[in-house]
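Written out below as structure tokens is the structure these notes cover.
Just so it is clear, the model here is predicted, and its values are computed rather than measured. Below, all heavy atoms of this structure are taken into account, side chains as well, without hydrogens, waters or symmetry copies.
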Amino acid sequence: MVGKGAKGMLNGAVPSEATKRDQNLKRGNWGNQIEFVLTSVGYAVGLGNVWRFPYLCYRNGGGAFMFPYFIMLIFCGIPLFFMELSFGQFASQGCLGVWRISPMFKGVGYGMMVVSTYIGIYYNVVICIAFYYFFSSMTHVLPWAYCNNPWNTRDCAGVLDASNLTNGSRPATLPSNLSHLLNHSLQRTSPSEEYWRLYVLKLSDDIGNFGEVRLPLLGCLGVSWVVVFLCLIRGVKSSGKVVYFTATFPYVVLTILFVRGVTLEGAFTGIMYYLTPQWDKILEAKVWGDAASQIFYSLGCAWGGLITMASYNKFHNNCYRDSVIISITNCATSVYAGFVIFSILGFMASHLGVDVSRVADHGPGLAFVAYPEALTLLPISPLWSLLFFFMLILLGLGTQFCLLETLVTAIVDEVGNEWILRKKTYVTLGVAVAGFLLGIPLTSQAGIYWLLLMDNYAASFSLVVISCIMCVAIMYIYGEHLSLRPPVTRPLARPLCPVDLLTPPLSRAPELLPGHPDDAGLPTAPLLSDLLALRLSRHHLPPGSGPPPPPPESSSLRVAPGAECAPPPAPTARGSAEA
């Protein structure tokens, strides 16, 4: 057993410096652990939980999709989530600085920055559109409720126009049977769709035809970037206080919408359409691919944000507990949001007399067309519209905070001098201004084409590639030197084993990882030549040869100054066999 005096040494800090090592006075830490958990929840729980997961679920077999989804969560999502939190917390560096452990893999950090940059640009455009709809909802009658607006076409047929008998404005040519109208008019477009395409976006006919910049959207984009900057003006010190509201209030709105939705006629039909399992779908590879991509996208793995947020943790924080709590909360929110969405869509389908599949949609089509149209059927529809779009704004801001902080932290840690630490606010301002300027083309008439293009390709297969390379670098380059692989997978480690890539050392908190931080708070890394020599010696040296065994643990406290940063010696062949 190791004595109490060795505790600080085993935790990566020299004796008498445990408190100093636990907090990073130079970079700063979260005010308390709740701030980190709420920030990570706000980062993971975003727009994809509301507008992507419910659609994927009903398209890929309803309740049957839950099986591959939770399989991917357990064997892929949580291990990767924990590995990134451990990586960032142990190194106390952003997504670039952490790769001092193996500089030749620093391109992985740049890849994370590129992904976060792409997502940060278009994500704030989505938030600005939500701002626009939020402001437009501040009226007695929602502007997308009827077809009597200047932008509407002759093909417009609203669900309220045919049933509105109070103002005498119904056209005489409209049939009295609304169901007959909707089922036989193949060219029918809803007023919410025409509001979205012809008024908000003024959509062009081609991705290359940018047309004009939509000034109302440009103004809302400026508002959204100002809000993000003000919330991050003091880094995690200010954003940690904001998330008490931005990460919790969306659940209040979801609950209000859920209670209202399940009390509507047809809600049960929509929910059953969402949950009814189609077990034959499980045999399709596309279903498993959608489950994996949703886990990567929703949890934010390989974006760099998890490493960045964890880098502000105290060194001895239990990030294993946090990773399990955050991951499960995120996936439970996705399932819960599905009930909210499909209860309202079921009501809308019942009102129109059509199948739920006719009104179900995903992405911007759900958030800005289908769901707003369903809200027009509710009493006091502007109130429900305000709540819904305010929820979308908060969900988007929670993710946007971390995306911007990821880029700022990477830049500051990479430069690393005292001047840039003092000027971090100006770095944040510069990144925010650059993001605003890069987002201007997305507010043009062709902007939605580019937004969907970035959404489909910026954070899809690239996340899988980045995660796999990161696993190899940590487990087989840095981890090979420190024997990080869990014992259960060591027999499978020749050659590369997929189990190793999906199972980081779950039983070890970062304070128990071997190796000791240097002055920058980073564990020392072996050179590639050292690793090759170590591997060759293990395979070719006879038993009993090799380096001498390490000194007993009782003498590990009496080391020369600076020796605490030296990597542990390689085990002998005999010692490895006995282990």
Side-chain angles (χ1 to χ4, degrees), residues 12 24 27-30 35-37 39-44 77-103 105-117 119-120 232 235-236 239-240 296-315 317-320 322-323 326-327 330 399-414 416 431 459 462-475 477-479 484 504-505 509-511 513 517 520-523 525:
N24 194 322
R27 296 177 78 249
N29 296 102
W30 297 104
E35 293 182 6
F36 167 70
V37 172
T39 301
S40 299
V41 168
Y43 175 61
I78 294 180
L80 285 172
F81 200 93
F82 173 59
M83 184 181 70
E84 291 199 33
L85 291 190
S86 302
F87 198 17
Q89 181 173 314
F90 187 62
S92 293
Q93 292 284 303
C95 63
L96 280 183
V98 293
W99 292 105
R100 295 178 193 173
I101 67 164
S102 187
F105 285 95
K106 195 171 185 178
V108 177
Y110 285 111
M112 293 178 175
M113 286 190 66
V114 170
V115 170
S116 293
T117 301
I119 299 174
L232 289 175
V236 296
S239 65
F296 273 88
Y297 185 87
S298 182
L299 290 179
C301 296
W303 291 18
L306 298 177
I307 295 176
T308 301
M309 295 302 105
S311 70
Y312 293 101
N313 276 338
K314 294 181 179 179
F315 188 78
N317 172 62
N318 186 353
C319 64
Y320 173 56
D322 295 340
S323 62
I326 297 167
S327 300
N330 171 74
T399 302
Q400 190 67 22
F401 291 158
C402 297
L403 291 172
L404 182 60
E405 185 63 35
T406 297
L407 300 177
V408 172
T409 299
I411 295 172
V412 171
D413 287 346
E414 185 66 11
V431 174
S462 58
L463 301 181
V464 179
V465 174
I466 292 174
S467 295
C468 289
I469 297 176
M470 181 171 58
C471 287
V472 171
I474 296 176
M475 305 298 292
I477 305 300
Y478 179 65
L484 284 183
E511 63 266 27
L513 292 177
L522 286 168

Donor-acceptor contact below 3.5 Å, side chain Gln89 vs main chain Phe315: yes
Heavy-atom side-chain proximity of Cys402 to Thr39 below 4.5 angstrom: yes
task: Run the ring-centre check on Trp99 versus Tyr478 and record whether the distance is less than 6.0 Å.
output: no
- line: In this structure, CD of Glu414 is separated from CD of Gln93 (nearest 0.5 Å) by 9.0 Å
query: Quick one: does Met470's side chain get under 4.5 Å of Phe105's, heavy atoms only?
result: no
message: How long is the straight-line distance from OG1 of Thr117 back to CG of Leu407, given to the nearest 0.5 Å?
response: 4.5 Å
- request: Applying ring pair (Phe, Tyr, Trp, His ring centres under 6.0 Å), name anything that partners Phe296, two or more places apart in sequence or on another chain.
  value: none
- request: Please answer whether the main-chain N or O of Gly94 pairs with a side-chain N or O of Asp413 as donor and acceptor at a distance below 3.5 Å.
  value: yes
query: So, Gln400 side chain and Gly120 main chain: donor-acceptor pair closer than 3.5 Å or not?
result: yes
- prompt: Just by distance, do the side chain of Ser40 and the backbone of Val37 share a donor-acceptor pair under 3.5 Å?
  reply: no
statement: Cys95 and Thr406 have their tightest heavy-atom pair at SG-CG2, 4.0 Å
Approximate separation, where rounding is to 0.5 Å, of Leu85 CG and Asn313 CG: 7.5 Å
query: For the atom pair CG (Asn29) and OG (Ser92), what is the distance rounded to the nearest 0.5 Å?
result: 7.0 Å
field: Gap separating the OG atom of Ser239 from the CD atom of Glu35, nearest 0.5 angstrom
entry: 8.0 Å
message: Check whether Ser116 reaches the backbone of Trp303 with its side chain - one donor and one acceptor, N or O, closer than 3.5 Å.
response: yes
task: Could you please spell out the steps behind the side chain to side chain contact (heavy atoms under 4.5 Å, CB included) verdict for Met112 and Ile466?
output: CA-CA 8 Å; Met112 293 178 175; Ile466 292 174; 4.1 Å; yes
message: For a 4.5 angstrom cut-off between non-hydrogen side-chain atoms, does Ile101 reach Phe90?
response: no
field: Over all atoms of both residues, closest heavy-atom pair of Met309 and Trp30
entry: O-NE1, 3.0 Å
message: I need the minimum non-hydrogen distance between Ile477 and Ser102, along with the two atoms involved.
response: CG2-OG, 3.7 Å
field: NZ-CZ distance between Lys314 and Phe36, expressed to the nearest 0.5 angstrom
entry: 13.5 Å
- prompt: Are Met113 and Leu96 close enough that some pair of their side-chain heavy atoms sits under 4.5 Å apart?
  reply: yes
message: Is it the case that the side chains of Arg27 and Ser311 hold a donor-acceptor pair, with the cut-off being a distance below 3.5 Å and no angle test?
response: yes
query: With Thr409, which residues qualify under side chain to side chain donor-acceptor pair (under 3.5 Å), at least two apart?
result: Tyr312, Glu405
- prompt: Are Leu306 and Tyr43 close enough that some pair of their side-chain heavy atoms sits under 4.5 Å apart?
  reply: yes
message: Is there a side chain to side chain contact (heavy atoms under 4.5 Å, CB included) between Leu232 and Val408? Walk through the geometry before answering.
response: CA-CA 10 Å; Leu232 289 175; Val408 172; over 6 Å; no
message: Tell me the closest heavy-atom pair linking Leu80 and Cys301, and the distance in Å.
response: CB-SG, 4.0 Å
